[in-house]
2 protein chains.
Amino acid sequence: MFSDATIIEALRRKGFKATSQRIAICRYALNSREHPTVQRIYTEVKKAHPTVSLATVYKTLKVLMGLHLVQELVFTETETRYDSNMEPHLNVVCLRCGKVSDAGDQIGKIVAKAASTARFTVTGQRLDLYGICESCGKKKPTVV
Amino acid sequence: MFSDATIIEALRRKGFKATSQRIAICRYALNSREHPTVQRIYTEVKKAHPTVSLATVYKTLKVLMGLHLVQELVFTETETRYDSNMEPHLNVVCLRCGKVSDAGDQIGKIVAKAASTARFTVTGQRLDLYGICESCGKKKPTVV
DNA sequence: CTAAGTGCAAACACTTTGCACTTAA
DNA sequence: TTAAGTGCAAAGTGTTTGCACTTAG
């Protein structure tokens, strides 16, 4: 959980101004556990800042990526999502309802081992499982 | 290694026509170990089929995805790449030179365990590690 | 006060689509 | 023979950029 104070402090320390739009965007992107899309963040932030633009949301997310506070999950079929869980973990992505949840956080050791074998310095990771979640599997026993 | 005969057979079994362009695209996409981009495949196929279009490459890659023979690796910063290794494995992605290599194929068990815990039916996965590869790390000990 | 950030609209890059022509089966 | 596929160019889509205005520090 990131408080506004923490957000402001983190931005300022890196030389970024803590504007009210930025704080609102960060607050939502960093505290949401649902891997929100840009549109979702935009819609949410618009409630308190009706004039905010999509461009500002995009720019702020780039700032957060630079600060290594969020990670992008780009998909072809669906919109890009943003994940503020920076620990090694598996994203479980349902191809039917689009929901993204977290799982398997004991994966850190395997990642570390593979990286050292490959003599590779890891700065980030994206570990996705695609398939059908339990509730979708029940609902419609059809294709994929 | 996919022979032309195997490719033709796989296409026909699913009701797709085995055109010469398609065979060439499949041959390259399925046998290349370098996780090629669309442009790369296009350039390569153009050598034997100078009139081939980008649209055909895109369409054929969608067919291959439908057949679960390749997987898309979408990135923001760089072009989408295609991976014909469908077994659970880690993609080691260098952020400096863009090279993508494979590692850690003992990851299958962890994936299976996490999926069963989440009661999730896995149909595909994307397990990427981002960072700096050994040779890039030596070359330029700077940012990132 | 002034460098950084905002918000609009225009520009981009990659991908998809519509359609007449071609071709595998 | 004919449904499926090709290749072009045009249309989309999500994202980025240029620039005058605004604002945090």
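So that the names make sense, note that chain A is the first sequence line, chain B the second, and so on, each numbered from 1.
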Trace of the side chain to side chain contact (heavy atoms under 4.5 Å, CB included) decision for B:Leu11 with B:Leu67:
CA-CA 9 Å; B:Leu11 286 172; B:Leu67 262 39; 4.3 Å; yes

Can you give me the closest heavy-atom contact between B:His68 and B:Thr123, atom names plus distance?
ND1-O, 4.5 Å

Atom NZ of A:Lys14 and atom P of C:dG5: how far apart are they, to the nearest Å?
14 Å

In whole Å, I'd like the distance from the CG atom of B:Leu73 to the P atom of C:dT15.
12 Å

Considering only C:dG5, C:dT15, C:dA25, which nucleotide approaches the side chain of B:Tyr58 most closely?
C:dT15

Could you check if a side-chain atom of A:His35 sits within less than 4.5 angstrom of a side-chain atom of A:Val93, using non-hydrogen atoms only?
no

Out of the candidates A:Val70, A:Val100, A:Asn91, only one should pair with A:Asp83 under the side chain to side chain contact (heavy atoms under 4.5 Å, CB included) rule; please name it.
A:Asn91

From NZ of B:Lys62 over to C1' of C:dT17, roughly how many Å is that when rounded to an integer?
13 Å

Residue pair B:Arg12/A:Phe16 against DNA chain C: nearer the 5' end by closest nucleotide is A:Phe16

Checking B:Thr80 side chain against B:Val74 main chain: does a donor-acceptor pair fall under 3.5 Å?
no

Winner on side-chain proximity to A:Thr19, out of C:dT16, C:dT6, C:dA25, is C:dT6

Could you state the atom-to-atom distance from CG of A:Leu54 to C1' of D:dG14 in whole Å?
9 Å

Would you list the atom pairs, donor with acceptor, under 3.5 Å between side chains in residues 112-120 of chain B and any protein atom, with sequence neighbours excluded?
residue: B:Ser116; atom: OG; partner: B:Lys113; partner atom: O; Å: 3.3
residue: B:Thr117; atom: OG1; partner: B:Lys113; partner atom: O; Å: 2.9

A:Glu9 has an atom CD; how far is it from atom C1' of D:dA24, in whole Å?
16 Å

Rounded to whole Å, the CZ-P distance (A:Arg40 to D:dG14) equals 17 Å

Would you name the heavy atoms of A:His89 and A:Glu87 that are closest together and state the gap between them?
ND1-O, 2.6 Å

Is the distance from OP1 or OP2 of C:dC14 to the nearest side-chain N or O of B:Thr80 less than 4.0 Å?
no

Please enumerate all protein N or O atoms sitting under 3.5 Å from an N or O of nucleotides 7-11 of chain C, with distances to 0.1 Å.
residue: C:dG7; atom: OP1; partner: A:Gln21; partner atom: NE2; Å: 3.3
residue: C:dG7; atom: OP1; partner: A:Thr51; partner atom: O; Å: 3.3
residue: C:dG7; atom: OP1; partner: A:Thr51; partner atom: OG1; Å: 3.0
residue: C:dG7; atom: OP2; partner: A:Ser53; partner atom: N; Å: 3.2
residue: C:dG7; atom: OP2; partner: A:Thr56; partner atom: OG1; Å: 3.1
residue: C:dG7; atom: O5'; partner: A:Thr51; partner atom: O; Å: 3.4
residue: C:dG7; atom: O6; partner: A:Lys59; partner atom: NZ; Å: 3.0

Can you tell me the distance, in whole Å, between the CD1 atom of A:Ile23 and the P atom of C:dG5?
13 Å

Check the distance between D:dA24's C1' and A:Lys17's NZ and give it to me in whole angstrom.
5 Å

